[in-house]
Amino acid sequence: MSVTNPIARAASTLLVVEDDPETRRLSCSMIARRFPDLAIYDAENGKVGVELYRKHAPDLVITDINMPVMDGIQMAEEIKEIRASAKFIVLTGYSDKSYLERFTGLGVSDYILKPIEFRKLISAIEKNIVATV
Amino acid sequence: VTMENSKIPVLIVDDRPENLAALEALLGDAEFDLVRAESGNEALRQSLYTEFALVLLDVQMPGMDGFETAQLMRENPKTRQLPIIFVTAGMNGEHQKFQGYQSGAVDYLVKPIEPAILRSKVRVFCDLFSQRRELKRMHAELELHHEKLRETYSQLQEETARRLQAVEELRQQEQLLLQQNRMAAMGELLNNIAHQWRQPLNVLGLRIQEIGLRYEMGDCSPEHLQEGIDGAMGTLQYLSQTIDDFRNFNTQGAEMQLFAVDQAVASTLSMIRDSFTQWGIALEVESCGNPQMKGYPNEFGQVLLNLLMNAKDAGRERGVQDARITVRSWSEGGRAVVTVTDNVGGIDPEFVDKVFDAYFTTKELGHGTGVGLFMSKNIIEKKMAGRLTVCNVPGGAEFKIEV
């Protein structure tokens with residue numbers, strides 16, 4: 001919910017949705033370190049994610065699937081209704097694979113399996129942000 | 001020949017038939033069976049065939065005299081105990097009497113004999129004889145009883161062995177059920193560990209990569225490096241602790257011990273909290289008075305796990321939203337009480353009496369072994385001498401453990 005890297009005039013904006021606070025904090029700080037110009041917002045569940053999306057219209061959403069209150073799939077569906085061209089990178093554990101099919105119809109750009117290989121996340125972000133900008 | 005009904009045999013020995021006749025006249029009544037012998041040799045022969053109550057033995061006889069006959073009778077084991085009374089006409093010197101007693105006589109009578117005295121002396125030995133005979137009979141009877149007792153005893157022994165075997169078979173069966181239940185619980189726990197590890201593994205991965213990232217970005221001071229290592233090690237310790245909990249949970253306690261209920265509850269809940277959260281089931285703990293329980297903490301944990309899993313499964317099967325399970329513990333009248341209360345709809349009143357039966361399950365085929373609650377009751381009531389009961393409460397069911 002806080003802006004991790006509040007640069008006054010950011011080239012691109014990113015939303016990270018993840019319920020585990022430590023994973024969320026680490027992911028955000030590492031992404032911020034690697035992409036100092038990105039404005040990063042973070043949310044602990046899908047419901048907060050939708051609210052932040054509505055407010056900031058980020059270029060890219062990185063999201064977990066299993067979360068309390070509202071899971072990643074439901075959030076993606078609601079965000080798609082706000083903006084049909086919204087793009088997602090899904091971070092998921094192996095057991096969530098059955099969910100992936102439901103994501104296919106939602107225009108997911110990339111899946112990254114947990115434990116995350118940060119290099120893969122970087123290149124996925126680069127690909128999507130560059131495509132946007 | 002039955003001993004009881006036969007007359008008492010008395011051997012009379014004299015070389016003179018008229019003396020024998022005189023003895024017969026003196027003793028002749030229905031009580032005695034008088035057997036004649038006219039020489040020492042014949043007396044010996046007779047005494048080998050028949051067990052006499054007494055021998056009336058003449059001293060002066062041609063060939064083998066009375067003393068010699070008595071001596072030979074004493075030497076033969078069969079007649080050693082045979083009471084001998086010497087009856088004599090002239091041999092009344094102290095020397096002869098002494099010789100008579102020495103050769104084993106119980107009495108030494110010199111003629112003329114007072115009939116009443118002879119009869120009463122003979123009767124004494126006949127009474128002894130019949131008493132001995134009665135004793136023998138009783139002894140035989142006792143022996144028979146004893147034999148019967150031995151038989152009964154050995155039958156009892158066999159029966160006991162059969163029952164012990166049945167008990168042993170039951171115990172083995174129970175052991176098998178316990179094993180099944182433990183395996184099922186282990187499967188559940190393994191599943192939970194998978195859930196519990198996914199997040200920290202991801203964190204651990206990120207922490208390690210963060211060190212690399214900082215180095216790459218030229219921002220890796222020794223402090224940052226140490227911070228990254230400490231963070232990674234913290235997560236690693238947590239993962240290690242998870243396996244320890246899991247392993248401890250599956251170790252059987254050998255001895256009863258007093259343990260803190262709250263701690264056992266906390267350690268069981270720590271193993272499943274993550275996956276319950278994933279399933280959207282709230283777990284609440286309320287405790288008061290730090291209750292202590294005597295028993296086996298790991299088995300208690302298994303029981304608790306069974307109860308929680310049942311509530312979880314029921315909630316998921318019935319699609320209950322906002323499922324909530326509350327574990328309460330307190331002390332009451334010297335006992336520790338733990339309740340597990342859910343809000344997932346309770347137990348069909350038709351099944352309330354059956355939930356603790358072995359192989360009773362309402363879960364779909366392949367989803368319940370039907371031994372969880374049976375073994376839980378077994379653990380609490382048989383191994384820990386407590387009580388495990390269930391009742392429906394508004395909105396759900398409440399299991400109660402009292403130990």
Using the side chain to side chain contact (heavy atoms under 4.5 Å, CB included) rule, take E18(A) and Q199(B) through it: C-alpha gap first, then chi angles, then the decisive distance, then the call.
CA-CA 11 Å; E18(A) 161 70 59; Q199(B) 215 55 272; 3.8 Å; yes
If you count heavy atoms of other groups shown closer than 6.0 angstrom to OH of Y238(B), is the number above 12?
yes
Which residues pass the side chain to side chain donor-acceptor pair (under 3.5 Å) test with R324(B), not counting sequence neighbours?
E284(B)
For atom CG of D219(B), is the number of surrounding heavy atoms from other residues, nucleotides or ligands below 6.0 Å larger than 12?
yes
Under the side chain to side chain donor-acceptor pair (under 3.5 Å) test, residues paired with R34(A) that sit two or more places apart:
E126(A)
R83(A) atom CZ: more than 12 heavy-atom contacts under 6.0 Å
yes
Residues in residues 202-211 of chain B near chain A [non-hydrogen atoms, under 4.5 Å]
N202(B), V203(B), L206(B), R207(B), Q209(B), E210(B)
With W330(B) via side chain to side chain donor-acceptor pair (under 3.5 Å) - residues at least two apart:
E332(B)
Using 0.5 Å steps for rounding, measure from the NZ atom of K114(A) to the CG atom of L201(B).
11.0 Å
